[in-house]
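All remarks here apply to the structure that follows.
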Amino acid sequence: MALRQELAEKIRRTEPYVPGEQPQDKVIKLNTNENPYPPAPGVQEALRTMDADRFRLYPDPGAHMLTKALAGRYGVGEDQVFAGVGSDDVLAMCFLTFFTSGRPVLFPDITYSFYKVWAELYRIPYICPVLDQDFRLVREDYYRENGGIIFPNPNAPTAIYEDLGFVEDILSHNRDSVVIVDEAYIDFAGPSALELINKYDNLIVVQTFSKARSMAGMRIGYAISNPDLIRCLNDIKYSFNSYTMSQAAILCGTEAVKDEAYFQEGIRKIVETREWAKGELRKLGFLFPEAKANFIFARHPKYDAGELFEALKKNNIYVRHWNDGRIGQYLRITVGTEKEMKVLFDFLREYIMK
Ligand code: PMP
């Protein structure tokens, strides 16, 4: 039965974010930038020895065990760290907390598509400066008056990394705006804007456990900034849902942070596979911007990306494709294990030869 019009009109409507598919069958899954390797062994051990009796109690609303571990790892004060349920949760809280001036928030036209969804959800005006023809951000576009700025570094889905000189230029031109640098993929790229945290009081750096720490399913993300902005974030969080992170997530996240050697080795393996994969893609005639994340954003001048996407899927190889303007001829390919990538390249070789 259809809703009465009067009732229907009172409901908030929004166009939601569309996540990549999570097929339940065994496939080569290169479509959502997950890590193909398991989390640090200490995470498995923590889960094995976890006492379910703890679940009687609410978790620590401040997730202090985790924020303390992160503060130690990144050399900041504990009052400079805010943890949440994946960086999506942290970023959504940031939009709600900081983008309130009524002036338009700036983010690139080609970027993480959730930014637009949050802006619409919270009714925040926004302007999307157009990336240049090489998919690079144009710094001057961020010199105009604004109600805040957010961009990923490396950007998604392009995988392009901008150096800290670029980030600092945006920060210094926007001393009166909050600038959020979404560093979901930074561990595969280059120096983090965390280096600038004590220099710019308008900077928030957001990172995640979903990529380099192999824990997308545990949902852990965090923001690092100065104590004032972190306090503001916490006030909004406690006005929304105080117990966001589960006991299990707090514990497992803390264990992951302890194992620095495993973390570094995991990054090394992905970067090595990525660099080899770039060579293979080039041999097959693919073109792509310099990829610094755990994915490559590639197109083939002779083959339609939509058709190739479907052909791959039929063969149980999942990559990501957006039927969307300037990026419609690109495929975003997550870097999997070498073995997974070989299956992809075997398929592509055959597809291109035939
Ligand atoms: N930012 C960017 C740029 C992303 O690509 C993603 C992954 N979809 C996220 C944030 C959110 O990741 P998570 O919520 O798993 O931390």
Side-chain angles (χ1 to χ4, degrees), residues 16-22 29-36 39 63 66 70 81-96 105 107-119 121 128 131 135 137 149-162 167 179-190 192-193 204-224 233 237 241 244-246 249-250 252-253 256-257 263 270 274 289 291-297 318-322 324 327 330-335:
Y17 171 72
V18 183
E21 284 177 80
Q22 292 294 352
K29 195 168 177 312
L30 307 173
N31 68 333
T32 50
N33 299 342
E34 290 141 326
N35 194 311
L66 178 62
L70 286 166
V81 185
F82 172 90
V85 187
S87 52
D88 281 342
D89 177 45
V90 175
L91 291 165
M93 282 293 139
C94 287
F95 270 64
L96 193 55
V105 166
F107 49 86
D109 65 333
I110 297 168
T111 194
Y112 186 33
S113 53
F114 227 139
Y115 301 159
K116 190 170 155 193
V117 174
W118 287 315
L121 177 66
C128 296
L131 295 184
F135 290 147
L137 281 90
I149 293 174
I150 179 164
F151 59 92
N153 198 28
N155 195 8
T158 63
I160 297 174
Y161 170 76
E162 299 294 347
V167 177
V179 177
I180 302 172
V181 185
D182 175 355
E183 293 192 336
Y185 304 101
I186 193 69
D187 302 306
F188 309 109
S192 160
I204 300 179
V205 175
V206 175
Q207 297 190 351
T208 180
F209 281 54
S210 299
K211 315 297 174 183
R213 292 193 190 274
S214 302
M215 291 173 74
M218 199 39 100
R219 310 304 300 127
I220 306 173
Y222 54 98
I224 297 183
L233 258 183
K237 171 205 152 151
N241 175 4
T244 54
M245 301 189 76
S246 71
I250 295 169
C252 290
V257 177
F263 177 54
I270 297 285
R274 178 188 72 201
K292 290 286 189 181
N294 66 336
F295 54 89
I296 301 165
F297 196 51
Y318 282 55
V319 298
R320 194 90 198 257
H321 172 244
W322 290 270
D324 197 5
I327 60 170
Y330 283 80
L331 296 176
R332 191 195 66 188
I333 305 165
T334 304
V335 176

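Just so we're clear, the structure is a prediction, and the values are computed from it rather than from any experiment. One-based numbering, in listed order, for ligands and for the atoms of each. Note: hydrogens, waters and symmetry copies are ignored here, and every other heavy atom, side chains too, is used.
In this structure, the side chain to side chain donor-acceptor pair (under 3.5 Å) partners of Glu162, at least two apart in sequence or on a different chain, are Arg136.
Asp88 OD1, 3.1 Å is the protein heavy atom nearest to atom 11 (C) of ligand 1. Annotation: atom 12 (O) of ligand 1 to nearest protein heavy atom, Ser87 OG, 3.3 Å.
Listed by number with element, the atoms of ligand 1 under 4.0 angstrom from any heavy atom of Ser210 are 13 (P), 15 (O), 16 (O). Atoms of ligand 1 lying under 4.0 Å from any heavy atom of Gly86, numbered from 1 in the order shown and given with element: 14 (O), 16 (O).
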Test side-chain hydrogen bond (donor to acceptor under 3.5 Å, both in side chains) applied to Tyr185 and Asn153, step by step: CA-CA 7 Å; Tyr185 304 101; Asn153 198 28; over 6 Å; no

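Within the 4.0 Å heavy-atom criterion, the part of Lys211 lying near ligand 1 is the side chain and not the backbone. When heavy-atom distances to ligand 1 are checked against a 4.0 Å cut-off, Ala184 comes that close only through its side chain, counted from C-beta outward. The side chain of Asp182, and not its backbone, has at least one atom closer than 4.0 Å to an atom of ligand 1 (non-hydrogen atoms only; side chain from C-beta on).
Distances from ligand 1 to the non-hydrogen atoms of Tyr185 include at least one value under 4.0 Å.
Considering backbone and side-chain atoms alike, Arg219 places an N or O below 3.5 Å from some N or O of ligand 1.
Counting only non-hydrogen atoms, the option in Tyr115, Tyr112, Phe209 that gets closest to atom 9 (C) of ligand 1 is Tyr112.
Side-chain N or O atoms of Arg274 include none that pairs as donor or acceptor with a backbone N or O of Val335 at under 3.5 Å. Checking side-chain atoms of Asn35 against main-chain N and O of Arg213 turns up no donor-acceptor pair under 3.5 Å.
The ring of Phe209 has its center closer than 6.0 angstrom to the ring center of Tyr222. Ring pair Phe107/Tyr115: centre-to-centre distance below 6.0 Å.
Minimum interatomic distance between Val90 and Ala223 (heavy atoms only, all atoms of both residues): CG1-CB, 3.6 Å.
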